[in-house]
Amino acid sequence: MLPVDPKRFLEDLHALRRFGASGVGKGVARPGFSDEDIAARDWLAGRMSEAGLTPQFDPAGSLFGLAEGRSLLMGSHSDSQPEGGWLDGALGVVAALEVARASREAGGPPVSVVSFSDEEGRFGVTTGSSVWGGNQTLEGADALHDAQGVSFAEARARFGDRRGGFVDPSRFSGYVEMHIEQGPVLDTSGEKIGVVDAIVGIRDMHLSFTGQQNHAGTTPMHLRRDAFQALASFNAALNERFANVVTPQTVWTIGHVALHPNAASIVPGRARFSMQWRDGDADRLARMETIIRDTAAEIAAAHGMGLEFGSMLGLDPVTMDAGLRSALETAAEAEAPGNWRVMPSGALHDATNVARLMPVSMLFVPSIGGISHDFAEDTDEADLVTGLNTLARAVAALG
């Protein structure tokens with residue numbers, strides 16, 4: 001096992017938390033390409049240099065800390081949700097940095113570190129790793145916009161002359177990502193480690209119903225073309241139509257709704273909303289897309305609505321590499337004998353994109369109460385250290 005320093009690891013993790021600290025518990029507000037995100041990446045670049053790594057920002061804003069020669073790549077992301085937690089992504093980056101530092105100090109196998117940009121989807125779906133992994137072009141990403149109309153091109157330009165070229169993936173032998181579970185399984189069971197066997201696939205797009213904006217007091221109900229009522233009908237119908245297609249592990253979410261003009265005394269003339277669905281089976285994801293499109297068209301016709309579909313972003317399910325996974329399983333048993341499990345990831349991670357380039361694997365630690373994407377997100381520090389030690393054992397064995 002590599003001689004990692006748990007105290008140094010936790011100090012770095014707490015230091016990173018200060019960039020965008022919310023003032024509510026350990027919460028963090030550090031959206032991709034915000035001032036807080038850029039400052040955090042500059043700090044990480046400094047820590048990488050101190051650890052003997054060469055920092056390099058790529059054109060999409062992802063930060064690599066490169067070891068010399070061929071190496072194992074480890075990391076995650078350091079941006080957060082608008083109201084996020086201190087560990088989502090950050091844990092994987094700081095744990096990777098500590099393992100890389102310890103391995104270099106002990107003359108162990110070379111380890112490089114990465115913090116991918118915009119994993120949390122301000123502009124798309126895991127944008128930084130998606131571009132690096134070839135799931136989309138940089139030009140395609142540049143055309144994406146956030147909810148305020150800022151383009152990815154404008155946002156990444158904020159990194160200025162920090163940006164260099166893309167890092168050649170052939171210099172890496174594989175990718176390992178440590179992450180909080182973001183769900184209740186480990187916390188409920190009391191187990192300390194989850195070794196991921198597969199990551200679910202995801203589909204994400206926006207839809208719009210356009211009716212007729214009108215006076216809320218003088219427009220009779222039977223004459224209204226109310227865009228929100230169309231949305232409500234769509235949601236109810238969708239849940240019924242999915243019933244014979246989905247499994248207990250399938251999830252779907254309408255997570256962002258924008259009504260126009262969004263006023264109390266006006267019948268909404270337009271409803272634009274996000275539609276996201278996730279499953280471990282690519283064929284099921286496709287069947288769900290057909291149901292979504294057909295249902296939206298039927299609801300639009302019934303309510304006298306115009307209907308628009310935005311572009312669909314998505315990633316297919318990914319199976320973890322057997323060799324890397326085996327190393328993590330052996331390390332988990334050594335660190336937490338009989339107190340770990342193999343499990344799927346219901347959340348999306350950068351590892352999905354990296355899998356297009358090289359073997360990948362993932363390690364989970366418990367999330368208290370199963371809470372994530374919230375200021376209340378947390379993990380017991382003893383569990384964080386158990387995860388770090390498991391990671392260090394696996395890397396030493398792989399080396």
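Reckoned from all heavy atoms, side chains included, excluding hydrogens, waters and symmetry mates.
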Give a yes or no answer on whether the side chain of R17 reaches the backbone of K26 with a donor-acceptor pair at less than 3.5 Å.
no

Heavy-atom closest pair (A331 atom, A394 atom, distance to 0.1 Å) is CB-N, 3.7 Å

For S78 versus L44, what's the shortest heavy-atom pair and its separation?
OG-CD1, 3.7 Å

Against the six-membered ring of F309, is R293 placed for a cation-pi contact (under 6.0 Å from the centre, within 45° of the normal)?
yes

Considering all heavy atoms of both residues, which atom of L16 and which atom of A90 are nearest to each other, and what is their separation?
CD2-CB, 3.6 Å

Does S345 reach the main-chain N or O of I199 with its side chain, forming a donor-acceptor pair under 3.5 Å?
no

Residues R101, E105: salt bridge by 4.0 Å N-O rule:
no

Atom CZ of residue position R163 - does it have more than 12 heavy atoms of other residues, nucleotides or ligands inside 6.0 Å?
yes

Name the one of E36, R122, R41 that satisfies side chain to side chain contact (heavy atoms under 4.5 Å, CB included) with D79?
R41

Please determine whether a side-chain nitrogen of the Lys or Arg among R162 and D42 lies less than 4.0 Å from a carboxylate oxygen of the Asp or Glu.
yes

Test your reading of the model: is there a side-chain donor-acceptor pair from T210 to the backbone of R270, 3.5 Å cut-off?
no

Could you tell me whether R203 and D279 make a salt bridge, using a distance below 4.0 angstrom between a side-chain N and a carboxylate O?
no

